[in-house]
**Q** 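Let me begin by handing over the structure; questions about it come next.
Side chains are part of it too, since the values below use all heavy atoms of this structure and drop only hydrogens, waters and symmetry mates. FYI, the numbering just counts along the sequence from 1. In this text the structure is predicted, and so the values were computed from the model without any measurement.
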Amino acid sequence: MLKEPSGPVTQAAVADVVVLDGPLGTELAARGIETPAPLWSAAALLDARGCDAVRAIHRDHARAGATVHTANTFRTRRRQAGAGWAELAARAVSLAREAVRDVDSRHRVAGSIAPLEDCYRPDLSPASARQEHRELAQALASAGVDVLLCETFPHVGEALVALEEAVATGVEAWVSFTAGPEADLLSPEDIGVAAREAAARGARAVLVNCTPATRTLAYVERLAACGVPFGAYANAGAASEGLGWPGGQGSSAAARYADLARRWLEAGATIVGGCCGTGPAHIAALRALVDGEHIAALRALVDGEHGAGPARGHGAGLARGPSGSPR
């Protein structure tokens, strides 16, 4: 049985908290699907076995409790996939939509827009990135995604360009920055400034991702001033931390990850999920955390209506997540 994360969320409320899915690449590798460069996880889109695995991973995350699912488009662009890039992008969106429709048709599909080069090498960010980001954003919008998620950007300038092109499609646009595996590519202050810039340019949500879960809180706290919903989907950090990766996908690792995510909720986050090294067990732990706090907040509200005041440390307060996200 999943261990319950300990400790109260002091600002929990009855508002929705959005639970994102977990990574595709980690799960594809765990299921024996090769993910070679330059396509990485998108290589799974090239044959029936890989497509079946992608569909199954989306379905597993949906059953675990995620309600926003990121299609396998992190590397489906002309630069990495060549002439067939648009077909791969559309296939990725279709697989995600098919998988989650089987679980709950209200779930939303996000199209991933990633850095043009290495997401841990901001020095490689091209000086002129706008046209390529525009091309993918328009293709994903045409494929019918509900959200455009510009994610894992260590270079703030490129992230803002990608965001602008996503916003221009008219589809709800989110942006997520990364400080990298050592949390040294961007400081919490850098991400705080970037988040405010992103909100001013039309981001409907701002996040931090693929930064070690044990070091994510400082970044989440800086997002609180951005003026739009915010959150985090962290990676599992070093294997020695026992939060995930192969051999660390059990309920105890997932519960430890959820304990860290509880702190993000305390800081005001309304969007949580998992990145590299996590899996469906982590998403299930996040769903248990969110649903548990939702029930506790309802009880506190009822107690307050009967004159008992807020109970168990629960007050009135997480802001709503981005519109249209079902529980």
Side-chain angles (χ1 to χ4, degrees), residues 18 20-21 23 68-71 73-75 77 108-120 122 125-126 129-141 145-180 183 185-211 216 219-235 264 267-276 319 321-325:
V18 176
L20 303 179
D21 59 0
V68 176
H69 307 270
T70 304
T73 61
F74 196 87
R75 280 289 177 261
R77 62 169 77 248
R108 299 201 293 167
V109 172
S112 172
I113 300 176
L116 296 183
E117 292 293 341
D118 195 312
C119 54
Y120 297 150
S125 178
R130 187 172 298 277
Q131 178 55 39
E132 290 182 73
H133 286 307
R134 177 183 300 150
E135 185 175 60
L136 181 57
Q138 291 177 345
L140 293 174
V145 299
D146 304 297
V147 175
L148 286 170
L149 173 58
C150 305
E151 63 173 340
T152 326
F153 279 87
H155 189 286
V156 172
E158 186 183 351
L160 295 177
V161 166
L163 172 65
E164 288 170 353
E165 294 305 322
V167 169
T169 69
V171 175
E172 182 174 330
W174 301 2
V175 66
S176 188
F177 302 97
T178 184
L185 298 180
L186 291 170
S187 69
E189 293 77 13
D190 291 335
I191 285 184
V193 172
R196 292 191 293 275
E197 285 290 329
R201 294 166 198 254
R204 295 281 297 281
V206 182
L207 305 100
V208 59
N209 80 292
C210 217
T211 299
T216 291
Y219 294 90
V220 172
E221 290 173 336
R222 291 289 180 162
L223 295 179
C226 69
V228 296
F230 63 94
Y233 52 115
N235 67 40
W264 311 338
T270 56
I271 309 169
V272 291
C275 204
C276 301
S323 61
S325 295

**Q** Determine yes or no for a side-chain-to-main-chain donor-acceptor pair under 3.5 angstrom, with Ser125 supplying the side chain and Pro122 the backbone.
**A** no

**Q** Check this for me: does any side-chain nitrogen of one of Arg108 and Glu172 sit under 4.0 Å from a carboxylate oxygen of the other?
**A** yes

**Q** Going by heavy atoms in the side chains, are Phe230 and Thr270 under 4.5 Å from each other?
**A** no

**Q** Any non-hydrogen side-chain atom of Leu207 less than 4.5 Å from a side-chain atom of Leu20?
**A** yes

**Q** Side-chain contact test, heavy atoms from C-beta onward, threshold under 4.5 Å: evaluate it for Val68 versus Asp21 and give yes or no.
**A** no

**Q** Can you list the steps and then say if Leu160 with Arg201 is a side-chain contact (heavy atoms from CB on, under 4.5 Å)?
**A** CA-CA 8 Å; Leu160 295 177; Arg201 294 166 198 254; 3.7 Å; yes

**Q** May I ask you to say whether Arg77 pairs ionically with Glu135, meaning some side-chain N is under 4.0 Å from a carboxylate O?
**A** no

**Q** With sequence neighbours excluded, what pairs up with Thr152 under the side chain to side chain donor-acceptor pair (under 3.5 Å) test?
**A** Asn209

**Q** Could Arg222 and Glu189 be called an ion pair, given the rule that one side-chain N must be under 4.0 Å from one carboxylate O?
**A** yes

**Q** Within the 4.5 Å heavy-atom criterion, are Val220 and Val208 side-chain neighbours or not?
**A** yes

**Q** Give the C-alpha distance, both sets of side-chain angles, the deciding distance and a yes or no for side-chain contact (heavy atoms from CB on, under 4.5 Å) between Trp264 and Val272.
**A** CA-CA 8 Å; Trp264 311 338; Val272 291; 4.1 Å; yes

**Q** Identify the heavy atoms of Cys226 and Ala195 that sit nearest to each other, and give their distance.
**A** CB-CB, 3.7 Å

**Q** So does Ser112 get a backbone contact from the side chain of Thr73, meaning a donor-acceptor N/O pair under 3.5 Å?
**A** yes

**Q** Measuring only between side-chain heavy atoms, which start at C-beta, is Val156 closer than 4.5 Å to Asp190?
**A** no

**Q** Can you tell me how far apart CG (Leu136) and CD (Gln131) are? Round to the nearest 0.5 Å.
**A** 11.5 Å

**Q** If I compare all heavy atoms of Cys150 with all of Ala166, which pair ends up nearest, and what's the gap?
**A** SG-CB, 4.0 Å

**Q** Is the shortest heavy-atom distance from the side chain of Phe74 to the side chain of Glu151 under 4.5 Å?
**A** yes

**Q** Have Glu158 and His133 got a donor and an acceptor in their side chains that come within less than 3.5 Å?
**A** yes

**Q** Could you check Glu164 against Arg134 for salt bridge (Lys or Arg N to Asp or Glu O under 4.0 Å), going step by step and ending with a plain yes or no?
**A** CA-CA 9 Å; Glu164 288 170 353; Arg134 177 183 300 150; over 6 Å; no

**Q** side-chain contact (heavy atoms from CB on, under 4.5 Å) for Val228 and Arg204? Distances and angles first, verdict last.
**A** CA-CA 6 Å; Val228 296; Arg204 295 281 297 281; over 6 Å; no

**Q** Please name the pair of heavy atoms, one in Phe153 and one in Ala162, separated by the smallest distance, quoted to 0.1 Å.
**A** CZ-CB, 3.7 Å

**Q** Going by the side-chain contact (heavy atoms from CB on, under 4.5 Å) test, name the single residue among Thr216, Leu186, Ile191 that passes it with Thr211.
**A** Thr216

**Q** Can you confirm whether Leu185 sits close enough to Phe177 that some side-chain heavy atom of one is under 4.5 Å from a side-chain heavy atom of the other?
**A** no

**Q** Might you point out which heavy atoms bring Ala198 and Val175 nearest each other, and give the distance in Å?
**A** CB-CG1, 3.6 Å

**Q** At their closest point, which heavy atom of Arg75 faces which heavy atom of Cys119, and how far apart are they?
**A** NH2-N, 4.5 Å

**Q** Quick one: does Ile113's side chain get under 4.5 Å of Leu140's, heavy atoms only?
**A** yes

**Q** Taking all non-hydrogen atoms of both residues, which atom of Val167 and which atom of Ala173 are closest, and how far apart?
**A** CG2-CB, 3.8 Å

**Q** Side chain of Thr178, backbone of Cys210: donor and acceptor closer than 3.5 Å?
**A** yes

**Q** Backbone N or O of Ser176 within a donor-acceptor pair of the Tyr233 side chain at under 3.5 Å?
**A** no

